[in-house]
Amino acid sequence: MTRNEVLAMKPGRELDALVAEKVMGLEYIPASSPSAGLIVQDHFFDPKTGDALFGWSPSTNIAAAWEVEEEINKRNLRVAYCQALQIVIRSQKDYVTTFDYVHASPADRCKAALLAVMGVWR
């Protein structure tokens, strides 16, 4: 996936699934059809802990986006992340300041994280 393809993504399940896989190491489990009376909604699964994450949407929920940022920091990608975030914000504004980083949307934070782990922030 190219930098421009990442930047063009809209908030939602496709962006969430990409962040889950590439950044967080989670697996996407699609909704299942009713079988034996059970309906399982789509969710993300953490193979390390066995936890199922229902409703986890880092591209639309700031708390989930902060979890993504924490993972980026654990990987020591802070510098690349800041560079990537600046690129994401610059795609929407002409002037960037440190203040703009504070107001980045959850989707912008997810895109920056993807660019950082994929190494396509330039």
### Task
Please determine, by modelled atom types, if Asn4 and Thr2 share a side-chain donor-acceptor pair under 3.5 angstrom.
no
### Query
CG of Leu115 to NZ of Lys22: how many Å apart, nearest 0.5 Å?
12.5 Å
### Query
Yes or no on side chain to side chain contact (heavy atoms under 4.5 Å, CB included) for Asp42 and Ile29, after CA distance, side-chain angles and deciding distance?
CA-CA 6 Å; Asp42 65 331; Ile29 310 294; over 6 Å; no
### Query
How many angstroms lie between atom CZ of Phe44 and atom CD of Glu21, to the nearest 0.5 angstrom?
10.0 Å
### Task
Quick one: do Val68 and Met24 satisfy side chain to side chain contact (heavy atoms under 4.5 Å, CB included)? Show the steps, please.
CA-CA 7 Å; Val68 173; Met24 304 298 289; 4.1 Å; yes
### Query
Of all heavy-atom pairs between Ala64 and Pro58, which one has the smallest distance, and what is that distance?
CB-CA, 3.6 Å
### Query
What is the distance from atom CZ of Arg109 to atom CD of Glu69, rounded to the nearest 0.5 Å?
4.5 Å
### Message
Between Trp56 and Glu67, is the side chain to side chain contact (heavy atoms under 4.5 Å, CB included) condition met? List the steps.
### Response
CA-CA 10 Å; Trp56 187 77; Glu67 291 175 17; 2.9 Å; yes
### Task
Show the numbers, then the answer: is there a side chain to side chain contact (heavy atoms under 4.5 Å, CB included) between Leu114 and Leu15?
CA-CA 9 Å; Leu114 278 173; Leu15 180 55; 3.6 Å; yes
### Query
Got a second to check how far Tyr28's OH is from Leu18's CG, nearest 0.5 Å?
13.0 Å
### Query
Nearest 0.5 Å, what's the CZ-CD distance between Phe45 and Glu27?
6.5 Å
#### Entry: Cluster overlap Val23 with Met1, hydrophobic side-chain contacts below 4.5 Å
yes
### Task
Would you confirm whether Asp16, through its side chain, and Ser59, through its main-chain N or O, come within 3.5 Å as a donor-acceptor pair?
yes
### Task
Answer yes or no: is there a donor N or O on one side and an acceptor on the other, between the side chain of Lys111 and the main chain of Met9, under 3.5 Å?
yes
### Nearest heavy-atom neighbours spanning Ser57 and Thr60
OG-OG1, 2.6 Å
